[in-house]
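So the structure is just underneath, and the comments pick up after that.
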Amino acid sequence: MRTAWTGMLLAVALGMSASALAQDAPETKTAVFAGGCFWCMEPPFDKLDGVVATISGYTGGMVPNPTYEQVSAGRTGHYEAVQVRYDPKKVTYDTLLEVYWRQVDPFDSGGQFCDRGKQYTTAIFVATDEERQKAEASKEQIAKRLGKPVVTPVLPAATFFPAEDYHQDYYKKNPLRYKYYRYTCGRDQRLEQVWGNQPAG
């Protein structure tokens with residue numbers, strides 16, 4: 001009898017815990033941005049309160065489950081991209097767009113910084129009409145602010161393929177190599193030329 005009663009109490013407790021966890025878990029959305037090397041696109045989003053996770057990966061191409069070697073060689077049609085999972089109650093899509101623009105050279109149609117080829121060009125992938133409207137509006141604002149046409153396309157969201165494990169959180173796992181790559185690629189130098197001291201928003 002005691003064993004049965006204990007089992008019932010445990011089941012009730014577990015049920016309540018699962019329910020509580022479900023209520024506490026944030027309702028998240030995802031946004032996908034291509035901005036050249038995906039290693040460099042994770043850190044600025046990870047810093048935002050409300051961003052739950054960033055995942056480096058590939059999207060926009062024709063080859064299913066591509067490898068890094070295939071994508072970097074330009075044989076798949078995929079972009080290197082980052083998928084941002086976020087809590088819309090804490091951070092808005094508009095804020096994500098503001099942060100995105102400040103990480104890229106929106107005038108370069110041939111790649112980003114030292115990485116060349118379509119696989120390293122910029123793009124915003126949108127899943128809804130609302131995202132498209134906001135992305136297009138922000139693109140127009142950036143063009144007006146900087147006084148030049150922006151070449152970054154706004155594209156329909158496509159299947160997102162996570163990159164290999166060693167690419168995820170690369171800047172945390174290999175901080176020295178990451179900093180060396182970022183510096184030698186000229187990313188920050190070019191961003192300073194494009195944006196100067198202008199804030200992300």
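Index from 1, following the sequence.
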Quiz item: Should F38 and Y58 be marked as a ring-ring contact (aromatic ring centres under 6.0 Å, His included) after you check the CA-CA gap, both sets of side-chain angles, and the distance that decides it?
Solution: CA-CA 9 Å; F38 44 34; Y58 317 111; 5.8 Å; yes
Quiz item: If you count the non-hydrogen atoms of other residues, nucleotides and ligands that lie under 6.0 Å from CZ in R177, is the total more than 12?
Solution: no
Quiz item: Side chains of R182 and Y178: donor-acceptor distance under 3.5 Å anywhere?
Solution: yes
Quiz item: How many angstroms lie between NZ in K29 and OG1 in T128, if you round to the nearest 0.5 Å?
Solution: 7.0 Å
Practice problem: Please state whether the rings of F45 and F33 are parallel, tilted or perpendicular, taking 30° and 60° as the class boundaries. | Solution: parallel
Practice problem: Measure up the W39 and Y170 rings against each other and bin them: parallel (under 30°), tilted (30 to 60°), perpendicular (over 60°). | Solution: parallel
Self-check item: Qualifying disulfide (SG to SG under 2.5 Å) pairs, either residue in residues 88-192, two or more places apart
Solution: C114-C185
Exercise. Only pairs at least two apart or in different chains count here, so list each disulfide (SG to SG under 2.5 Å) that has a residue in residues 42-97.
Key: none
Practice problem: Output the rest of the hydrophobic cluster of V32: all Ile, Leu, Val, Met, Phe, Trp and Tyr residues reachable through side-chain heavy-atom contacts under 4.5 Å, sorted by chain and number. | Solution: I55, Y79, F125, L155, F160
Practice problem: Inspect the surroundings of CD in Q193 and state if more than 12 heavy atoms from other residues, nucleotides or ligands are less than 6.0 Å away. | Solution: yes
Quiz item: What pairs with Q112 under side chain to side chain contact (heavy atoms under 4.5 Å, CB included), at least two apart in sequence or on another chain?
Solution: V104, D105, D108, T122
Quiz item: About how many Å separate OH of Y100 and CD1 of I124, when rounded to the nearest 0.5 Å?
Solution: 5.0 Å
Quiz item: So which residues get pulled into Y183's cluster when ILVMFWY side chains under 4.5 Å apart are joined, directly or through others?
Solution: none
Self-check item: Within 6.0 angstrom of K90 NZ, more than 12 heavy atoms from elsewhere
Solution: no
Quiz prompt | Summary of disulfide (SG to SG under 2.5 Å) pairs that have at least one residue in residues 78-110, sequence neighbours excluded | solution = none
